[in-house]
Novice: 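Following this message is one structure expressed as structure tokens.
Values reported hereafter were calculated over all heavy atoms of this structure, with side chains retained and with hydrogens, waters and symmetry mates removed.
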Amino acid sequence: QVQLQESGPGLVKPSQTLSLTCTVSGGSITTNNYAWSWIRQPPGKALEFMGVIVGSGTTYYNPSLKSRTSISRDTSKNQFTLQLTSVTPEDTAVYYCATNTIPTIYSTWGQGTQVTVSS
């Protein structure tokens, strides 16, 4: 059973870089035909796809966030990370990591972690 757990600071100051880590158990982030994603949900708003890294290491980003977003992985730790630069209070959200097969016949999410951007 694949499980994902987000971790990182719950409070980030404006202009700083938000860094979150997703730790994966029960599966390998290098597995072929699996995608590993970051999604967020600001309070009162819809889910927003941020980006994804597939098993080969290729990344794809939401164009609205691409300039500030970087997803990377540490295969030795079976983790993938999110970095979001130059954060503002509008980046306050619950951040989720998730995985899905390609094609999407299976998906599972972490529980999410609240990140507040405030001075």
Novice: Give the minimum heavy-atom separation between Thr99 and Ala35, together with the two atoms involved.
Specialist: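 It is OG1-O, 2.9 Å.
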Novice: Trp38 versus Cys22: any side-chain heavy-atom pair under 4.5 Å?
Specialist: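 Sidechains of Cys22 and Trp38: in contact.
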Novice: Is it true that Tyr34 and Ile53 fall in one hydrophobic cluster, defined by side-chain heavy atoms closer than 4.5 Å?
Specialist: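 Per the 4.5 Å side-chain linkage, Tyr34 and Ile53 are co-clustered.
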Novice: Picking from Thr23, Thr108, Ile29, what satisfies side-chain contact (heavy atoms from CB on, under 4.5 Å) with Leu4?
Specialist: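 The option that passes is Thr108.
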Novice: Are Arg68 and Leu65 packed together at the side-chain level, in the sense that at least one heavy-atom pair is separated by less than 4.5 angstrom?
Specialist: yes
Novice: Return the minimal non-hydrogen interatomic distance between Pro43 and Ala93, and the atom names on each side.
Specialist: CD-CA, 4.4 Å
Novice: Taking the side chain as every heavy atom from C-beta outward, state whether Leu18 and Asp91 have any atom pair closer than 4.5 Å.
Specialist: no
Novice: Hydrophobic clustering (ILVMFWY, side-chain heavy atoms < 4.5 Å, transitive) - are Ile71 and Trp36 grouped together?
Specialist: yes
Novice: Has the side chain of Asn62 got a donor or acceptor atom that lies under 3.5 Å from a matching backbone atom of Glu48?
Specialist: no
Novice: State the CD1-CZ distance between Ile39 and Phe49, to the nearest 0.5 angstrom.
Specialist: 7.0 Å
Novice: Is there a side-chain contact between Leu84 and Thr17 in this structure, where contact means two heavy atoms from C-beta onward sitting under 4.5 Å apart?
Specialist: no
Novice: Give the cluster check for Leu11 versus Val87: same hydrophobic cluster or not, with ILVMFWY residues linked at side-chain heavy-atom distances below 4.5 Å.
Specialist: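 Looking at the clustering, Val87 is in a separate group from Leu11.
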Novice: Do Thr81 and Leu20 have side chains that get closer than 4.5 Å, going by heavy atoms?
Specialist: no
Novice: Measuring only between side-chain heavy atoms, which start at C-beta, is Ile102 closer than 4.5 Å to Asn100?
Specialist: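 Yes; the side chains approach each other to less than 4.5 Å.
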Novice: State the OG-OH distance between Ser70 and Tyr61, to the nearest 0.5 angstrom.
Specialist: 4.0 Å
Novice: In a table with atom names and distances, give each donor-acceptor pair under 3.5 Å that connects a side chain of residues 109-119 to protein atoms at least two apart or in another chain.
Specialist:
| residue | atom | partner | partner atom | Å |
| --- | --- | --- | --- | --- |
| Gln114 | NE2 | Thr116 | OG1 | 3.4 |

Novice: Ignoring hydrogens and angles, state whether a donor on the side chain of Thr21 or Ser7 is under 3.5 Å from an acceptor on the partner side chain.
Specialist: no
Novice: Measure the OG-CD distance between Ser19 and Gln16 for me, rounded to the nearest 0.5 Å.
Specialist: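 Taking OG in Ser19 and CD in Gln16, the distance rounds to 10.0 Å.
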Novice: Give me the atom names and distance for the closest heavy-atom approach of Phe80 to Cys97.
Specialist: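 Distance-wise, the nearest heavy atoms are CZ-CB, 3.7 Å.
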Novice: Does the side chain of Tyr60 come within less than 4.5 Å of Val54's, by heavy atoms?
Specialist: yes
Novice: Check each of Gln41, Glu6, Arg40 against Tyr95 using the side chain to side chain donor-acceptor pair (under 3.5 Å) test, and report the only one that passes.
Specialist: Arg40
Novice: Under 3.5 Å, is there a donor-acceptor pair between the side chain of Asn78 and the main chain of Gly27?
Specialist: yes
Novice: Any idea which heavy atoms bring Val2 and Gly26 closest together, and the distance?
Specialist: CG2-O, 3.6 Å
